[in-house]
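Each chain gets a letter, A, B and so on, in the order its sequence line appears, and its residues count up from 1.
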2 protein chains.
Amino acid sequence: MLDFAILGLVMERARHGYELKRALGELGFWKVSFGSLYPALRRLEKRGAIEATGGTGRRKAYRITDSGRDIFATLMSTDPDASETERAFQIRLAFLGHLPTDRRVQVLEGRRAKLSTHLRSAREIFIDARSNTENQDRYRLALMEHAMATTESDIAWIDGLVATERRVASAN
Amino acid sequence: MLDFAILGLVMERARHGYELKRALGELGFWKVSFGSLYPALRRLEKRGAIEATGGTGRRKAYRITDSGRDIFATLMSTDPDASETERAFQIRLAFLGHLPTDRRVQVLEGRRAKLSTHLRSAREIFIDARSNTENQDRYRLALMEHAMATTESDIAWIDGLVATERRVASAN
DNA sequence: ACCGCTATGTATCGATTCGATATATACTGT
DNA sequence: ACAGTATATATCGAATCGATACATAGCGGT
């Protein structure tokens, strides 16, 4: 998924490693490490998806190739797998503008469904734990409750995004 | 940190691998994989922190040793490092009941401070991105805003935990 | 009684990612 | 002129993931 993110960013304009790290970190949910980033750049270079351009001084700027553009387009238009990570979804969101409106809504609804299911099972587990004498630890119950609240807020957020998407679509 | 979590759970009572995976998953923030779990059990066994007991049928229950209890107590009473992960903090929280009240508040306040700092820098980055013509992507701005809102909610949650802690403390 | 499905359980493999560290240059304030 | 900080590339070992293999238990349906 890091490869996906790198392709997406490099596609907009040539970027060097440090810049990619900063750009990813500034999205707010992932501080990628150099130990992940540089090997990923090698991988992509070896696959012919990106290529190094001279760059200024010690910098090594990478630009996307036609093959890389294809790879990105394929990844973007492939439906997210059910097992997709929170992070994978967020990266996908960061580039969701590359999809047409109806596909965007699909991606969002898919994520919403997954969160809903997860929330339901979390609630069951919580009810269960609370009524179990052994599991009465205050902090553990608090963790569960907070996790549920966060999931609810994520769902509401996605609903907002979907609503905006539909509003924009019907305005055209 | 997985080792820490395993020790904490096994300390309460002997548990086998699958049970540990379930117990960790039920806290709601981490679905640990078998590929992490079983090697971790080996590690801990080799260090003499846990030992396998017969267990029923195909199960291999692990119980904590005295040495393991020491290791857990040391980890628990060591102040969290500044670079500690979200997940590390959550695991710490799950066992926070093992610390005296004042130390609990310390841990919580420390986390709060870190989140506050993070939030401040996120806000700066957001303001910056919004005023930058290049970074106007709707979804990317939405991601940043949501990340900030989540952090704010985490801070409020921690404040609640601290308040409860103080209330309980002063009631004694 | 038999079949298939799902849950339970242990285990390992390769790939990914992390966290720490090394190294070096550019810029900034005093 | 100098120190300190930001920028930048790179690599190492360890932790973790995700997929897969394998096997038994238990349960519902026919």
Give the rounded distance in Å between these two atoms: [atom1] of [X] and [atom2] of [N].
{"X": "A/L44", "N": "C/dT16", "atom1": "CG", "atom2": "C1'", "answer": "13 Å"}
{"X": "A/R42", "N": "C/dA15", "atom1": "CZ", "atom2": "P", "answer": "18 Å"}
{"X": "A/M1", "N": "C/dC18", "atom1": "CE", "atom2": "C1'", "answer": "19 Å"}
{"X": "A/K60", "N": "C/dT23", "atom1": "NZ", "atom2": "C1'", "answer": "15 Å"}
{"X": "A/E84", "N": "D/dC17", "atom1": "CD", "atom2": "P", "answer": "17 Å"}
{"X": "B/I6", "N": "D/dA15", "atom1": "CD1", "atom2": "C1'", "answer": "12 Å"}
{"X": "B/R15", "N": "C/dT8", "atom1": "CZ", "atom2": "P", "answer": "15 Å"}

Assuming nearest nucleotide by heavy-atom distance, tell me which of B/D81 and A/L2 is located more 5' along DNA chain C. A/L2
Ring-plane angle category for A/Y38 and A/F34, please: parallel below 30°, perpendicular beyond 60°, tilted otherwise. parallel
Name the orientation class of the two ring planes belonging to A/F72 and A/F95 (parallel below 30°, tilted from 30 to 60°, perpendicular beyond 60°). perpendicular
Check whether any side-chain nitrogen or oxygen of [X] sits under 4.0 Å from OP1 or OP2 of [N], and answer yes or no.
{"X": "B/R87", "N": "D/dT16", "answer": "no"}
{"X": "B/S83", "N": "C/dC18", "answer": "no"}
{"X": "A/R59", "N": "C/dT25", "answer": "no"}
{"X": "A/R43", "N": "C/dT17", "answer": "yes"}

Between the OG atom in B/S170 and the CD atom in B/E165, the distance rounded to the nearest 0.5 Å is 10.5 Å
First locate atom CH2 of B/W157, then atom CG of B/L161, and finally report the distance between them rounded to the nearest 0.5 Å. 5.0 Å
I'd like to check A/L2 versus A/I6 (side-chain heavy atoms, cut-off strictly below 4.5 Å). Are they in contact? yes
For a 4.5 angstrom cut-off between non-hydrogen side-chain atoms, does B/V107 reach B/R92? yes
Does the distance from a Lys or Arg side-chain N to an Asp or Glu carboxylate O, for A/E86 and A/R111, drop under 4.0 Å? yes
Would you check if there is a donor-acceptor pair between the side chains of A/R103 and A/Q106 at a distance under 3.5 Å? yes
Hey, are A/R112 and A/S116 close enough side-chain-wise for a donor-acceptor pair under 3.5 Å? yes
Contacting residues from residues 29-40 of chain A, given that a heavy atom lies under 4.0 angstrom of DNA chain D: A/F34, A/G35, A/Y38
Which of residues 16-24 of chain B sit near DNA chain D, with a heavy atom under 4.0 Å from it? none
